[in-house]
Amino acid sequence: MAKNLLIVESPAKAKTIEGYLGKDFTVKSSYGHIRDLVKSEDAIDIANGFTQKYEVPADKKQVVNELKKLAKEADIIWLASDEDREGEAISWHLFETLGLKDANTRRIVFHEITKPAILKAIESPRKIDYNLVNAQQARRVLDRLVGFELSPVLWKKIKPSLSAGRVQSVAVRLIVEREREINKFKPEAAYRVVAVFTTGKNREVFKAELPTRFVQQSDAEKFLNDCADAIFNISSLETKPSKRAPAAPFTTSTLQQEASRKLGFSVSRTMSLAQRLYESGKITYMRTDSVNLSDTALDAAAKEINSAFGEKYYQFRKYKTKSAGAQEAHEAIRPTYFNHHTTDGDSAEVRLYELIWKRSIASQMSEALFEKTTAKISISTRKDELVANGEVLRFDGFLKVYLESSDEEEENKNDHNSENAILPPLTKGQQLNLRDLNATERFTRPPARNTEASLVKKLEELGIGRPSTYAPTISTIQNRGYVVKEDREGKTRNYHVLTLINKKVVKEQKSEITGAEKAKLFPTDIGVVVNDFLVQHFNGIVDYHFTAGVEKKFDEIAQGLEDWTKMLHKFYEPFHQEVEETIKTADKARGERDLGIDPKSDKKVSVRIGRYGPFVQIGEAVEGEEKPAYASLRAGQMIETITLEEALELFKLPKKIGVFEDKEMTVAIGKFGPYIRHNSMFYSLPKGVDPLDVDEKAGIEIIENKRQADADKLIKSFKEDPEMRIENGRWGPYIKSGKLNVKIPKGKEAAELTYEDCKVLADAAEKEPKKPAKKFAKKK
DNA sequence: CAGTGAGCGAGCTTCCGCTTGACTT
């Protein structure tokens, strides 16, 4: 029988440690926190020093019971939860809930899961640090008070079931404010001049650019004309060495960012893949804010670099955390075994593993060395000089395995930049042959919309949220409908290009797509209304620096410099006052906006949020008079930005366009685009057709075309039941039984199936359990 | 793939952080 019970937070960790400690130790996991505040209003007794009422949630009862039993049988209980605020609280909750005794309980901590680290920890146990526990309680209580007092204000003033909190509300605010910056942004055009020169016998080609841009087209044109007969010489040539150092190994946040940029993973996908790698022992813990590598890891990395790449590629490095709120209870995310350059598993797992391996290995490698060359080119007819930049890699160093990407790079990838190309051999004074010269109109860019990962980056910079909550927070603000992750189509924009051809300037107009977005975060109307309400009435809470401020207080509590109940009182009293005041005095917020007057009816046009979402209204509801006209906004339209014209357009549809086979045809726009409704059937309009242009004749044509296409698809129909048919689909034939599509089992020939065969298959398919509507459906 | 948009009232919603499943494809 084991004499010792050691409890950690994660079962995967428990398994590893059990292997290190031998049979005198039973190592178990608490699966994170084992208790939480009760859900009801009496969870916190404010008048009584913020006394808390805790309960063991249903899904934790089993764990707690097992731990209780094992604790009774053990001589010594080792509480080995993480060494941070939350970890200390977990130990305290375990102590309380399991009914442990001071005499045989030991609190130990370690930062890395290695045998020496754990043995060392066991040699120097301590007591539970109640200052740290108090800091956690203050954090927990403050979050509950903020969340559970603020949310009901929203239910009263905006809509039921809404939520607000210290973290999520700031996340939404970041998205709303970024969207406003983008809407406000006015792009400025200027001409960028690029010249292409040839040199030497082989007529090698390189590009040079004018450092200044011309706002006026006439200035750009004059420049080009001036160059028509000019002589170009290298006026100066400068070569400077430069170097680049590798990035620190991954934390949760940087892993999410790189996996998003390089692999296109959402933050939750990254985390669940990382969890799988962690559970199968391939990487260290994936929820961390530390950039530290353990000594054993450093040794292993050094060994691997020396043997795989050679000594000159190795460089010992120690990284310091940059994020203010870091608690560093774990190591950085790294492979468990540096000599495993790749791994098995599905391709996403493999790609994430390789990313982690490369980043970790590169972090202990030498700098990359470059030679940067800048050539200035004089123009005999102008004072301006053209500049050509070249970069030559002299030693690859860490670039042999890994190059960190950046958001800016993503931004610039459309801009055909000539920067950092390789220059041919050049000499000072050398005369160059001009091959091409043009001036292209370029526009300043609005600030970039956030991706999930770039939002995580900002939250981390502000010290808001923790590694374990970044992914859930991003999901929450989407699930609440405050923010949507969407693709949006761009708009066509014209720009001008001036080109010097045969010593004459030729003007050309070209067009490009601008503003197209893929998987970016957009605020919704309800997100905007909730945010504006919170900013107006609870500015202190949604202030970007609120968390940083309270974190400072929590640190003081943790150091025993501040009393946690005093701190909470100081916060709570004015906050609660604000809540009461707002409930009493604030108006209901519907985000209403007046767009102007409808020229046809002379009535007021307004938009606001209704029960079913945002809608436009023409006129006002007055008793005894005709009801106002209503129309819902379409996807991509927002209260804040819709114009009067766009709003009035909404009333042109649905439109009756005529009669076909004694039934009316109606054109409307639905979730999947414009369609014709006829005899309870839907017919999508062909792409590019304006629904307002569709008349009776065009409508009939569309319906007949669709019927013809359906007939072409038909393989077989049955007299017994007109709803039952076999059709040719994209992936081969299938049975269509009413609304249900049924796969044809392998080995059966579609054309030979009888009605009875189809009926049996369809009935079987009907009985099959339907997949749930959402992955994480509502909790009961 | 609708068009809707009044009011009342009971009963419900909601936070952040620490952990994994149990589900699909």
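Residue numbers start from 1 in every chain, and the chains themselves are labelled A, B, ... in the order their sequence lines are given, proteins ahead of strands.
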Phosphate OP1/OP2 of B/dC15: any A/Arg480 side-chain N/O under 4.0 Å: yes

Between the base of B/dC16 and the side chain of A/Arg144, is one N or O donor paired with an acceptor at under 3.5 angstrom? no

For the pair A/Gln617 (side chain) and A/Gly619 (backbone), establish whether a donor and an acceptor sit closer than 3.5 Å, ignoring hydrogens and angles. yes

Answer yes when A/Asp45 and A/Lys53 have at least one side-chain N-carboxylate O distance shorter than 4.0 Å, and no when they do not. no

Kindly check if the number of other-residue, nucleotide or ligand heavy atoms within 6.0 Å of NZ (A/Lys282) is above 12? yes

Looking only at B/dT19, B/dG5, B/dT20, the nucleotide nearest the A/Arg611 side chain is B/dG5

Counting side-chain heavy atoms from CB outward, which of B/dG17, B/dT20, B/dC15 is closest to A/Gln168? B/dC15

Are A/Phe148 and the base of B/dT14 stacked, counting only ring centres nearer than 5.5 Å and planes tilted under 30°? yes

Distance below 4.0 Å between A/Ser30 side-chain N/O and B/dC18 OP1 or OP2: no

Can you check whether any acceptor in the base of B/dT14 is under 3.5 Å from a donor in the side chain of A/Ser163, or vice versa? no

Taking the side chain of A/Asp82 as its heavy atoms from C-beta onward, which of B/dG17, B/dC15, B/dT19 lies nearest to it? B/dT19

Centroid distance below 5.5 Å plus an interplanar angle below 30 degrees: do A/Phe615 and B/dT4 meet both conditions? no

Hey, does the side-chain of A/Ser272 have a donor or acceptor N/O within less than 3.5 Å of a partner on the base of B/dG21? no

Closest nucleotide of DNA chain B for A/Arg287 versus for A/Gln136: which of these residues is on the 5' side? A/Gln136

Pair A/Asp82 + A/Lys13, salt bridge at N-O below 4.0 Å: yes

Is A/Arg480 positioned over the aromatic face of A/Tyr482, cation under 6.0 angstrom from the ring centre and no more than 45 degrees off axis? no

Please determine whether a side-chain nitrogen or oxygen atom of A/Ser151 lies at a distance below 4.0 Å from atom OP1 or OP2 of B/dC15. no

From the set B/dA6, B/dG21, B/dC15, return the single nucleotide nearest to any side-chain atom of A/Thr476. B/dC15

Could you pick out which residue, A/Met286 or A/Leu37, lies toward the 5' side of DNA chain B when each is mapped onto its nearest nucleotide? A/Leu37

Heavy atoms from C-beta onward define the side chain here; which of B/dC1, B/dT14, B/dT20 lies closest to that of A/Tyr675? B/dC1

How long is the line joining CG of A/Leu142 and P of B/dC16, in whole Å? 11 Å

Is the NZ or CZ atom of A/Arg173 both under 6.0 Å from the centre of the six-membered ring of A/Tyr544 and within 45° of that ring's axis? yes

Ignoring backbone atoms, establish whether A/Gln275 has a side-chain N or O less than 4.0 Å from OP1 or OP2 of B/dT20. yes

A/Tyr285 side-chain N/O to B/dT19 phosphate OP1/OP2 under 4.0 Å: yes

Check the geometry between A/Phe682 and B/dC1 and answer yes if their rings are stacked (centres below 5.5 Å, planes below 30°), otherwise no. yes

Of all the nucleotides listed (B/dT4, B/dT13, B/dT20), which has the minimum atom distance to the side chain of A/Ser161? B/dT13

Between P on B/dC18 and NE2 on A/His330, what's the gap in Å once rounded to a whole number? 9 Å

Please evaluate the base of B/dC1 for a donor-acceptor partner in the side chain of A/Arg677 within a cut-off of under 3.5 Å? no

Among B/dC18, B/dC16, B/dG3, the one nearest any side-chain atom of A/Glu86 is B/dC18

Among the candidates B/dC15, B/dG17, B/dG5, find the nucleotide nearest to the side-chain atoms of A/Arg466. B/dG17

Would you indicate which nucleotide in B/dC18, B/dT20, B/dA6 comes nearest to any side-chain atom of A/Tyr630? B/dA6

Residue A/Arg139, side-chain heavy atoms: nucleotide from B/dT19, B/dG5, B/dC16 that is nearest: B/dC16

